[in-house]
Amino acid sequence: MKKYIYFIGIDISKETLDMSVISNGDVLIHSLIPNEQKAIKSHIIQLRRSLGFTKRNAIFGMENTGIYSNHLISTLESLKLDTVVEQPLHIKNSLGVVRGKTDKLDSKRIAMYLYKSRDVLRLREPKRPILEQLANLTSLRKRLQSLHIAMKVPLKESAGFVKKGLIEQSNRLCSRSIDALTLDIKDVEDSIEATWKSDEDLNKLMTLVQSVPCIGPSIALEMIICTNEFKNIPTIKQFASYAGIAPFPYKSGTSIQKKTRISKFANKKMKALLHTSAVLAMRFVPDIKDYYHRKTVIEGKHKMLVLNAIRFKMAARVYACLKNNRPYQKDFKFGPPLKYKLIEIKDHRFITSSLNGRFQLK
């Protein structure tokens, strides 16, 4: 286990980076540098020479600020330095009551967060370049789809309330823009499909995830991107919490809420996609349809409560397929558990005999 001595907190803005170095709880250095790869690399090398830190005793931390952190992250990766990328709210809540806000103060607070949480820090696991490419393409598709909706919906809504001549004029003037957006969306979707199909691992993951009924390519790809191919979020419980579909109890002394509630802190996009999948499953998947009817009509449960349970079921089926490395099977049945008889213990290994007479080492 690494013993960190130097904790470098970095506050990121579009044009500059504020960098503070803490050791033993004391601020050693604060510096302001341009948000450019060449300047970042030069400054880190200079810090390494002046402080004498190594790859094993220094750790860098920052808030998740989207594309503005790309230069910094790529530089730290090239130098093979340990990096933590944390959500701003998590850092803020961990520091207690804070007063005032400047970029310099924020960099010191990030460094202090690293120092206080040094025993439980989770290092950033870089995504493969193809995942970064797919994330960029899906964001581009979302922006194009938003523009397409913004163009079409007002024209559709005005029908019946605006004179026919004005509607025809608006449709004629917007037709080329709408057609161009439609073609652009189709091109982006084709690029997304061609990209994930070109990679063997992604192709396998997409096949497994999409084998679950009512899980389409959009939600499958979003799950893969958000979880970094299910490396960062390996269990269904962690994913349910991340997606905002896990209920939590609320109790304090004698004040006890009977109903558990889901948290508002979640990936809203992922939650919306799971909701769409759950609604489709409720309509077209027989066992889910029967489950929804039984819970809402017979047992009288609230509809949104049952829908949230269906969201969890859909995600759980995906994780079950990944765990067993097989596509979803509707009528899959687990075989009877194998029973082993202990024969002897040799070299700290258990030698057992199964019912069919074959030996196994455990």
Side-chain angles (χ1 to χ4, degrees), residues 4 7-14 16-22 35 40 58-77 81-128 131-132 134-136 138-139 142 221-248 250 261-275 311 315:
Y4 297 115
F7 303 87
I8 299 96
I10 306 167
D11 184 74
I12 303 170
S13 63
K14 183 179 180 179
T16 59
L17 302 177
D18 281 82
M19 194 175 297
S20 295
V21 183
I22 282 181
N35 191 357
I40 295 169
I59 185 167
F60 291 74
M62 68 198 76
E63 294 176 344
N64 189 351
T65 55
I67 60 173
Y68 293 156
S69 61
N70 285 354
H71 290 329
L72 176 60
I73 288 175
S74 61
T75 303
L76 293 173
E77 284 181 1
L81 295 168
D82 288 350
T83 307
V84 172
V85 181
E86 194 57 83
Q87 294 299 325
L89 185 63
H90 183 74
I91 296 176
K92 181 181 178 181
N93 289 342
S94 69
L95 297 176
V97 178
V98 295
R99 293 177 176 84
K101 177 177 172 59
T102 65
D103 293 341
K104 182 178 180 179
L105 273 175
D106 285 345
S107 67
K108 291 180 180 178
R109 287 166 180 165
I110 295 170
M112 187 57 68
Y113 163 78
L114 295 175
Y115 175 70
K116 290 182 176 180
S117 309
R118 57 190 178 276
D119 294 329
V120 293
L121 290 174
R122 186 176 63 180
L123 298 181
R124 176 184 179 271
E125 186 170 348
K127 293 181 180 179
R128 292 194 294 148
L131 272 188
E132 300 285 357
L134 285 169
N136 181 66
T138 54
S139 297
K142 185 179 180 181
L221 187 58
E222 189 65 26
M223 289 180 76
I224 292 171
I225 293 172
C226 290
T227 61
N228 190 14
E229 298 178 274
F230 300 96
K231 297 174 186 175
N232 294 350
I233 307 178
T235 66
I236 179 59
K237 288 185 178 180
Q238 292 175 342
F239 181 79
S241 179
Y242 170 80
I245 58 175
F248 294 94
Y250 287 84
R261 298 181 182 274
I262 57 177
S263 173
K264 294 181 180 179
F265 302 114
N267 184 326
K268 301 297 178 61
K269 182 179 179 181
M270 190 76 259
K271 186 176 180 179
L273 289 171
L274 284 172
H275 181 78
R311 293 177 197 157

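- Nearest heavy-atom pair, A58 versus I8, reported as atom, atom and distance to 0.1 Å: CB-CD1, 4.2 Å.
- Of the inter-residue distances, the one linking L134 atom CG with K127 atom NZ reads 10.5 Å to the nearest 0.5 angstrom.
- Side chain of N35 to main chain of Y68: a donor-acceptor pair is present (N/O by atom type, distance under 3.5 Å, no hydrogens or angles).
- For the atom pair OH (Y242) and CE (M270), the distance works out to 8.0 Å, reported to the nearest 0.5 Å.
- Rounding to the nearest 0.5 Å places NE2 of H71 at 7.0 Å from CD1 of I40.
- In this structure the side chain of F239 reaches within 4.5 angstrom of the side chain of L274, judged on heavy atoms.
- Listed here is the closest heavy atom pair of A315 and I245: CB-CD1, 4.5 Å.
- Partner of M62 under the side-chain contact (heavy atoms from CB on, under 4.5 Å) criterion, out of L76, V84, I110: L76 alone.
- Considering only residues two or more places apart in sequence or on other chains, E63 meets the salt bridge (charged side-chain N to carboxylate O under 4.0 Å, His left out) condition with none of them.
- Dense packing is recorded around NZ of K269, with more than 12 heavy atoms of other residues, nucleotides or ligands lying under 6.0 Å away.
- The environment of NZ in K14 is sparse: at most 12 heavy-atom neighbours from other residues, nucleotides or ligands sit within 6.0 Å.
- Using a 4.5 Å cut-off on side-chain heavy atoms (C-beta onward), L123 and I59 make contact.
- Annotation: side chain of V85 is not in contact with side chain of S69 (no heavy-atom distance under 4.5 Å).
- Crowding of I67 atom CD1: a count of heavy atoms from other residues, nucleotides or ligands under 6.0 Å not exceeding 12.
- For the pair F230 and I224, the minimum side-chain heavy-atom distance is below 4.5 Å.
- Rounding to the nearest 0.5 angstrom, the gap separating the CG atom in N267 from the CG atom in L273 is 8.5 Å.
- When atom types are taken as modelled, the side chain of S241 and the backbone of Q238 share no donor-acceptor pair closer than 3.5 angstrom.
- Taking the ring centre of Y113 as origin, the terminal cationic atom of R109 falls outside the region bounded by 6.0 Å and 45° from the ring axis.
- Contact between I91 and S94 at its shortest, heavy atoms only, is O-OG, 2.7 Å.
- The heavy-atom pair separating I22 from A111 by the smallest distance is CD1-CB, 3.7 Å.
- At distances below 3.5 Å, not a single donor-acceptor pair connects side-chain atoms of K108 with backbone N or O atoms of S20.
- For the pair D106/D18, no side-chain contact is recorded, criterion being any heavy-atom separation below 4.5 Å from C-beta on.
- In this structure E77 satisfies the salt bridge (charged side-chain N to carboxylate O under 4.0 Å, His left out) test together with R124, sequence neighbours excluded.
- Rounded to the nearest 0.5 Å, atoms CG (N70) and OG1 (T65) are 8.5 Å apart.
- Between L114 and Y4, every side-chain heavy-atom pair lies at or beyond the 4.5 Å cut-off.
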Checklist entry - Stepwise, does the side-chain contact (heavy atoms from CB on, under 4.5 Å) test hold for D82 with F60? => result CA-CA 6 Å; D82 288 350; F60 291 74; over 6 Å; no
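- Atom CG of D103 is separated from atom CG of D11 by 4.5 Å, given to the nearest 0.5 angstrom.
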